[in-house]
Amino acid sequence: MLTHQLHITNSLSRKKEKFESIVPGRVGMYVCGPTVYGHPHLGHARPYITFDVFYRYLTHLGYKVRYVRNITDVGHLENDADSGEDKIAKKARLEQLEPMEIVELYTQKFHEAMHLLNNLPVNIEPRASGHIIEQIEMIKSIIANGWAYESKGSVYFDVVNYSKTHDYGKLSGRVIDELIAGAGNERRELEGQAEKRNPADFALWKKAAPEHIMRWPSPWGDGFPGWHIECSAMSTKYLGETFDIHGGGMDLLFPHHESEVAQSKGACGKAPVRYWMHNNMITINGQKMGKSLGNFINLEEFFTGSHKLLEQAYSPMTIRFFILQAHYRSPVDFSNEGLKAAEKGLSRLMNAAQTLRRLTSGASSTSDIPSLQKACYEAMDDDLNTAITLSHLFECARIINSVHAGTETITAADLELLKNFFTEFVFSILGLKEESVGGGSDIDALLQMILKVRTDAKANKDFSTSDKIRDELAAIGFKIKDEKSGTSWTRE
RNA sequence: GGUCCUGUGGCCGAGUGGCUAGGCAGAGCUCUGCAAAAGCUUGUACAGCGGUUCGAAUCCGCUCGGGACCUCCA
């Protein structure tokens, strides 16, 4: 759909840029996936919801998208006393499980969470452990091009040499001299520093200590890949040497994404990505979310309410809605108040969607429906502004309710249009869904029968019976509403 | 210490040099047997101090908060 002027903020330029895909009609998108060594938590929800919506929107616009999101199951080092030990290996030892058992368990947990959040499956979900060969080949290319060197069984990227002719630091806004100087006075003693020619160099391949469980043979001896190389190798394999979009959290800008750029340029001589997109972080009650503060909340704990900071359970759609109410480049603060407000707002939107299905048209329209549709598109085209999109959808909800209440009218043509785009935006693009809908035709038939008895009681002014039915239905989770057109029910 | 981002009404959260965000909560009214839902009305915010401007919450500077990253840490 070339009529749309989709603009997105490119981290490379820090400006909104018009989006144009490399191959017309097709988009290649890579998003950094999770390291599967623990339960998926709130921090995971944001990037994957954000890029899921982007994926949905691009698809809606008519692009054929290949969405690649990796599973990191090797290579990350633990930055504590057990330095050098693979994160996954460490967890495995603690739980007496095989490393790949851990990987499998948490990969499944991750998939479950993504499913509950209504994130569509990605097209390719490559695992780092399944692409060791590709990573080794890429490292060999980088060495052959003179941008990396071997040192005691490990391979390091030669940042200083590379930066003489390349703009290392452009993406993340770093200045190489400052990195080298180590400006801070609280710099950590990093493992392996002695092997490096320069502190700014980063590992492409690490030699495995004898006790290291996850290891693979390589031209440089047994070891495991560095943190950054997997994304470079896998994105190149599935999307090509240069592709359209690379997404991830802002915390990955440096060093992860900066290093990816350097690795790809070092191997292929080309910039790997046209548009870098980064979502902002999540805080809880105004505080940074972090392990040290003990305010990391797993998604499962949100869904069940089983965390001491949570006053109640929050459904996956409540989480999704809350995240979409903020722009993806703004920090978002999770609080019980905010989540409760989101829960009610979402419910208002979902009720409107239901009401819309049984809306009837009139002779004229009191609202400008085509303009609202246009406004929704404009908001999405403006750097994926889901907050504004939602505000327009709430305006739609107001109109739907007003028409239903009889204070406004809508023509058949406008009603058709409204049904189409409201449904499209709410469900297909934003990926929201109704969570507590009916319980099948049997239950509906049963409810209709009970409600008929109640309606008869009301007609006979037997309000004690009608209220009793209402109360008892409420007690088992069915909420009913008396409307002009009859009585309707929903599940709590 | 460095780089970058950020500070909006009771709460969450958009946005723009002058004109309405939106949601939640609150108040009043309407509808209703009562509820619920819904509709209408209502709030006059933009951290502080200077500056630029006819005009700034929106641009600039400083101050004070908050945050991310600073080499293997989503």
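Values below: every heavy atom of this structure, side chains too, minus hydrogens, waters and symmetry copies. Every chain is numbered from 1, with letters handed out A, B, ... down the list of sequences. Just so it is clear, the structure is predicted and the values come from calculations on it, not from any experiment.
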Query raised in the report: Which residues satisfy the side chain to side chain contact (heavy atoms under 4.5 Å, CB included) test with A:Ile450, sequence neighbours excluded?
Result: A:Ile469, A:Leu473
Query raised in the report: How close or far is atom P of B:C5 from atom CG of A:Asn280, stated in whole angstroms?
Result: 12 Å
Requested in this report: Kindly write out the residues that satisfy salt bridge (charged side-chain N to carboxylate O under 4.0 Å, His left out) with A:Lys452, not counting sequence neighbours, or none if the list is empty.
Outcome: A:Asp456
Query raised in the report: Of the candidate nucleotides B:C70, B:C24, B:A38, which contains the atom at the shortest distance from the side chain of A:Ala405?
Result: B:A38
**Report entry** A:Phe224 CZ to A:Lys206 NZ distance, which is reported to the nearest 0.5 Å
**Finding:** 6.5 Å
Query raised in the report: What class does the angle between the rings of A:Phe425 and A:Tyr377 fall in, given that below 30° is parallel, 30 to 60° is tilted and above 60° is perpendicular?
Result: perpendicular
**Report entry** Nucleotide B:G23, atom C1' - distance to CG of A:Leu432 in whole Å
**Finding:** 13 Å
Report summary line: With sequence neighbours left out, the residues meeting side chain to side chain contact (heavy atoms under 4.5 Å, CB included) with A:Ser391 are A:Ile388
Query raised in the report: Is any NZ, NE, NH1 or NH2 atom of the basic residue among A:Asp467 and A:Arg470 found under 4.0 Å from an Asp or Glu carboxylate oxygen of the other?
Result: yes
Query raised in the report: Will you find, in the side chains of A:Glu195 and A:Ser151, an N or O donor that is under 3.5 Å from an N or O acceptor?
Result: no
**Report entry** side chain to side chain contact (heavy atoms under 4.5 Å, CB included) partners for A:Pro126, two or more places apart
**Finding:** A:Val68, A:Asn70, A:Ile124, A:His131, A:Met234, A:Tyr238
Query raised in the report: Is it true that the side chains of A:Asn279 and A:Thr50 contain a donor and an acceptor less than 3.5 Å apart?
Result: no
Query raised in the report: Any ion pair linking A:Lys164 and A:Asp158 (charged N to carboxylate O, less than 4.0 Å)?
Result: no
Under 3.5 Å, which N/O atoms of the protein pair with N/O atoms of nucleotides 40-46 of chain B?
residue: B:C40; atom: OP1; partner: A:Arg398; partner atom: NE; Å: 2.7

Query raised in the report: Between B:C40 and B:C46, how far is it from one C1' atom to the other, in whole Å?
Result: 28 Å
Requested in this report: Take atom CG of A:Asp158 and atom P of B:U71, then tell me their distance rounded to the nearest Å.
Outcome: 18 Å
Report summary line: Residues passing the salt bridge (charged side-chain N to carboxylate O under 4.0 Å, His left out) test with A:Asp167, sequence neighbours excluded, are A:Lys265
Query - Counterpart residues, salt bridge (charged side-chain N to carboxylate O under 4.0 Å, His left out), relative to A:Lys340 (two or more places apart) - result: A:Glu311
Query raised in the report: When you check the gap from the basic side-chain N to the acidic O, do A:Lys16 and A:Asp383 get nearer than 4.0 Å?
Result: no
Query - Touch class at under 4.0 angstrom, heavy-atom based, for A:Pro34 against every strand present - result: nothing
Query raised in the report: When you compare B:U3 with B:G22, how far apart are their P atoms, in angstrom units rounded to a whole number?
Result: 40 Å
Query raised in the report: Mind checking the C1' distance from B:U53 to B:C12? Whole angstroms is fine.
Result: 34 Å
Query - Pairwise C1' distance, B:C64 and B:C11 [rounded to whole Å] - result: 23 Å
**Report entry** Pair of N/O donor and acceptor under 3.5 Å linking B:C4 base with A:Arg14 side chain
**Finding:** no
Query raised in the report: Atom CG of A:Asn336 and atom C1' of B:C24: how far apart are they, to the nearest Å?
Result: 14 Å
**Report entry** Whole-Å P distance, B:C19 and B:C62
**Finding:** 28 Å
Report task. Please report, rounded to the nearest Å, how far the C1' atom of B:C24 is from the OH atom of A:Tyr314. Result -> 13 Å
Report summary line: Quick note, salt bridge (charged side-chain N to carboxylate O under 4.0 Å, His left out) partners involving residues 31-46 of chain A, not counting sequence neighbours, are none
Query - For A:Glu395, all residues meeting side chain to side chain contact (heavy atoms under 4.5 Å, CB included), sequence neighbours excluded - result: A:Leu372, A:Arg398, A:Ile399
Requested in this report: Name the nucleic acid region contacted by A:Gly249, choosing base, sugar-phosphate or nothing; use a 4.0 angstrom heavy-atom cut-off, strictly under.
Outcome: nothing
Report summary line: Counting primed atoms, P, OP1 and OP2 as sugar-phosphate and everything else as base, the B/S/- map of nucleotides 28-37 of chain B against protein heavy atoms under 4.0 Å is -----BBBBS
Query raised in the report: For the pair made of CG in A:Asn10 and P in B:C4, what is the distance, rounded to whole Å?
Result: 18 Å
Query - Under 4.0 Å protein heavy-atom contact, by nucleotide of nucleotides 12-22 of chain B - B base, S sugar-phosphate only - result: SSSS-----BB
Query raised in the report: RNA chain B in dot-bracket, Watson-Crick or G-U pairs under 3.5 Å, [ ] crossing, | other strand?
Result: (((((((..(((.....[...))).(((((.......)))))....(((((..]....))))))))))))....
Report task. Sticking with atom C1', work out how far B:C29 lies from B:G13, rounded to a whole angstrom. Result -> 29 Å
Query - Whole-Å gap separating C1' (B:G1) and CZ (A:Arg174) - result: 14 Å
Requested in this report: By nearest nucleotide on RNA chain B, pick out whichever of A:Asn401 and A:Gly173 is the more 5' one.
Outcome: A:Gly173
Query raised in the report: Separation of A:Arg348 atom CZ from B:G23 atom P, in whole Å?
Result: 6 Å
Query raised in the report: Taking the same atom, C1', in B:A45 and in B:G9, what whole-Å distance lies between them?
Result: 4 Å
Query - Spatial distance of atom CD1 (A:Ile282) from atom CG (A:Leu42) [nearest 0.5 Å] - result: 4.0 Å
**Report entry** Selection from B:A38, B:C69, B:U71 that lies nearest to any side-chain heavy atom of A:Asp251
**Finding:** B:C69
**Report entry** B:G55 versus B:U63 - spacing of their C1' atoms, nearest Å
**Finding:** 25 Å
